[in-house]
Amino acid sequence: QVQLVESGGGLVQAGGSLRLSCANAGRTFGNYIMGWFRQAPGKEREFVAGISWIAATTIYGDSVKGRFTISRDTAKNTAYMQMDSLRPEDTAVYYCAADPVRRLPAPEASAYAYWGQGTQVTVSS
């Protein structure tokens, strides 16, 4: 079983930074991919970033390119998302997701079989 434990959300002022963590407390596979999505109230779930476990190939949603950086620590079975230059429009619940089969990250939520509980990120102006 894949168990994703997400942390690092909170309240930050515009222009500030946060780092989200997503630890897989369950089984880890060599072809794992992990990703981050976010969802604000009344809005569709939005792809933020994705990474492959083997090569650390990354992709980003257009709205966060140049500001967010996804990475992974294989020894800790943990993915991170460094969020810089945060804006009020980044406010959302951020969800970590993973898939044990895919080899390359994808922007579609349907590509990810497992999801974390979500962590709230609130950016004040």
Taking [Y]'s backbone N and O only, do any of them form a donor-acceptor pair with [X]'s side chain (distance below 3.5 Å, no angle check)?
X	Y	value
Asn24	Gln3	yes
Glu6	Gly116	no
Tyr112	Trp36	no
Thr122	Thr91	no

Using the ring of each side chain (for Trp, its six-membered ring), is Phe37 parallel, tilted or perpendicular to Trp115, with breaks at 30° and 60°?
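The arrangement is tilted - the two ring planes meet at 30° to 60°.
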Any side-chain heavy-atom pair of [X] and [Y] under 4.5 Å:
X	Y	answer
Gln82	Ser17	yes
Gln39	Tyr95	yes
Val121	Leu18	yes
Val2	Tyr32	yes
Tyr60	Ile70	yes
Ile54	Arg103	no

Judged by modelled atom types alone, do Glu46 and Ser63 share a side-chain donor-acceptor pair under 3.5 Å?
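Side-chain D/A pair, Glu46 to Ser63: present.
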Nearest non-hydrogen partners of [X] and [Y], listed with the distance:
X	Y	result
Pro88	Ala14	CD-CB, 4.1 Å
Thr78	Ala23	OG1-CB, 3.6 Å
Ala40	Ala92	N-CB, 3.9 Å
Pro105	Thr57	CG-O, 3.5 Å

Shared ILVMFWY cluster between [X] and [Y], side chains joined below 4.5 angstrom?
X	Y	answer
Val48	Met83	yes
Val93	Leu4	no
Phe47	Ile51	no

OG1 of Thr58 to CE of Met81: how many Å apart, nearest 0.5 Å?
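Here the interatomic distance stands at 12.5 Å.
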Any chance CD of Gln13 has more than 12 other-residue heavy atoms, nucleotides or ligands included, within less than 6.0 Å?
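No.
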With Arg102 as the cation and Trp53 as the aromatic partner, state whether NZ or CZ is under 6.0 Å from the six-membered ring centre and within 45° of the axis.
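Ring-cation test returns no.
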I would like to know whether Cys22 and Met34 meet side chain to side chain contact (heavy atoms under 4.5 Å, CB included); could you show each step before the answer?
CA-CA 9 Å; Cys22 180; Met34 298 187 74; 3.4 Å; yes
Quick one: which of Tyr80, Phe68, Tyr94 gives a side chain to side chain contact (heavy atoms under 4.5 Å, CB included) with Leu20?
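When Tyr80, Phe68, Tyr94 are each tested with Leu20, the side chain to side chain contact (heavy atoms under 4.5 Å, CB included) holds only for Tyr94.
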Only pairs at least two apart or in different chains count here, so list each salt bridge (charged side-chain N to carboxylate O under 4.0 Å, His left out) that has a residue in residues 68-93.
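Residue pairs passing salt bridge (charged side-chain N to carboxylate O under 4.0 Å, His left out), neighbours aside: Arg38-Asp90, Arg67-Asp90.
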